[in-house]
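Numbers restart at 1 for each chain; the letters A, B, ... are given by sequence-line order, proteins then strands.
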Protein chains: 2
Amino acid sequence: MSNTEQLVKGNTPMLILSLLAEKPMHGYAIAKEIERRTADLLRFREGTLYPTLHEMEQRGWIQGSWETTDGGRERKVYSITPQGLQELQRQQHAWQRFRNAVEAVIGRKPSQSSEGGIEPCTT
Amino acid sequence: MSNTEQLVKGNTPMLILSLLAEKPMHGYAIAKEIERRTADLLRFREGTLYPTLHEMEQRGWIQGSWETTDGGRERKVYSITPQGLQELQRQQHAWQRFRNAVEAVIGRKPSQSSEGGIEPCTT
DNA sequence: GGCTAATACCTCGCTTTCCGATGTATCTGA
DNA sequence: TCAGATACATCGGAAAGCGAGGTATTAGCC
């Protein structure tokens with residue numbers, strides 16, 4: 001299967017990588033930040049989030065280290081690795097290609113011209 | 001589960017509805033048209049396409065009728081129904097919300113750097 | 001006539017993905 | 001003391017997608 005198709009369902013890692021590219025975060029904070037930025041539209045359930053984080057660490061995209069807060073609570077803070085940054089770029093390009101492909105089919109022109117976009121052939 | 005999450009994986013119907021909103025088509029032609037418009041980036045496999053068409057017909061979004069070509073080959077031509085048109089609108093709105101949500105997370109506008117910019121912590 | 005490739009439909013069963021449910025443990029504020 | 005938030009984790013079932021297989025016709029080639 002091509003990567004692009006995989007993207008459709010597998011964009012959880014891309015979103016996580018995007019956040020970690022800004023600053024290191026722990027799992028719970030990642031979930032909350034996603035909800036905050038998308039006004040609860042996107043949401044990472046725990047059953048998805050933690051297994052995904054583990055897999056991403058296995059792949060070498062992120063690196064986790066246990067820390068203890070002042071309160072004494074333990075948490076695992078993840079940082080993005082150089083490979084993770086590379087992967088992020090790759091996935092973001094794939095996302096753009098996918099988005100453009102969808103919009104080529106549904107025939108919707110990118111009204112926000114902030115990214116000098118595809119010139120739709122207006123019929 | 002909210003509709004928006006479902007969209008990620010379930011956008012096959014939206015793409016089909018979009019094409020049928022333009023003109024009636026049969027299954028094989030739908031698959032070819034998707035490939036053409038997206039330069040082979042998106043592709044409907046037969047194992048996905050036909051079951052999806054059947055389900056959409058069941059739901060009343062599309063309506064199929066058997067036709068015979070000059071050559072004598074039979075094919076089932078689908079048209080979009082009024083309910084299908086409504087559903088298309090609903091799904092396209094959901095797609096836009098989803099797209100905006102993703103881009104709110106991955107921060108595709110490099111102009112606004114939230115906290116001192118996207119500075120990858122090189123370990 | 002025999003062969004391949006394209007057109008055109010269909011279903012079965014496997015794999016992958018996702019997530020609800022559940023469990024553990026700590027801290028905070030009422 | 002007790003509810004609710006924080007914070008981690010796993011398991012098993014459900015759903016989506018698709019490869020593989022099947023049927024049948026037409027077109028082009030030698």
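In this structure, A:Gly47 and B:Leu53 both approach DNA chain C, and ranking their closest nucleotides by distance from the 5' end singles out B:Leu53. The residue among A:Thr48 and A:Asp70 whose nearest nucleotide of DNA chain C lies closer to the 5′ end is A:Thr48.
When the C1' atom of C:dA8 is taken as reference, atom OH of B:Tyr78 falls 11 Å away, rounded to whole Å. Between B:Phe44 atom CZ and D:dG17 atom C1' the separation is 12 Å, expressed in whole Å. Remark: C1' of D:dA16 and CE of B:Met14 are 16 Å apart, rounded to the nearest angstrom. The separation between B:Glu46 atom CD and C:dT7 atom P is 11 Å, rounded to whole Å. Atom CG of A:Asn11 and atom P of D:dA16 are 16 Å apart (whole Å). Taking atom CD of residue A:Glu67 and atom P of nucleotide D:dT6, one finds them 18 Å apart after rounding to whole Å. Here D:dG21 presents its P atom at 16 Å from CZ of B:Arg45, a figure rounded to the nearest Å. Between the CD atom of B:Glu55 and the P atom of C:dT11 there is a distance of 13 Å, given to the nearest Å.
An OP1 or OP2 oxygen of C:dT11 is reached within less than 4.0 angstrom by a side-chain nitrogen or oxygen of B:His54. Listed pair A:Tyr50 / D:dA9 fails the phosphate criterion, with no side-chain N or O lying under 4.0 Å from OP1 or OP2.
A salt bridge links A:Arg99 with B:Glu103: the closest approach of a Lys/Arg side-chain nitrogen to an acidic carboxylate oxygen falls below 4.0 angstrom.
Judged purely by distance below 3.5 Å, without hydrogens or angles, the side chains of B:Gln91 and B:Glu87 pair a donor atom with an acceptor atom.
You'll find the side chain of A:Leu53 stays beyond 4.5 Å of the side chain of A:Lys76, heavy atoms only. Contact check for B:Phe44 versus B:Leu15: side-chain heavy atoms found under the 4.5 Å cut-off.
Counting non-hydrogen atoms under 4.0 angstrom, A:Arg73 reaches a base of the nucleic acid.
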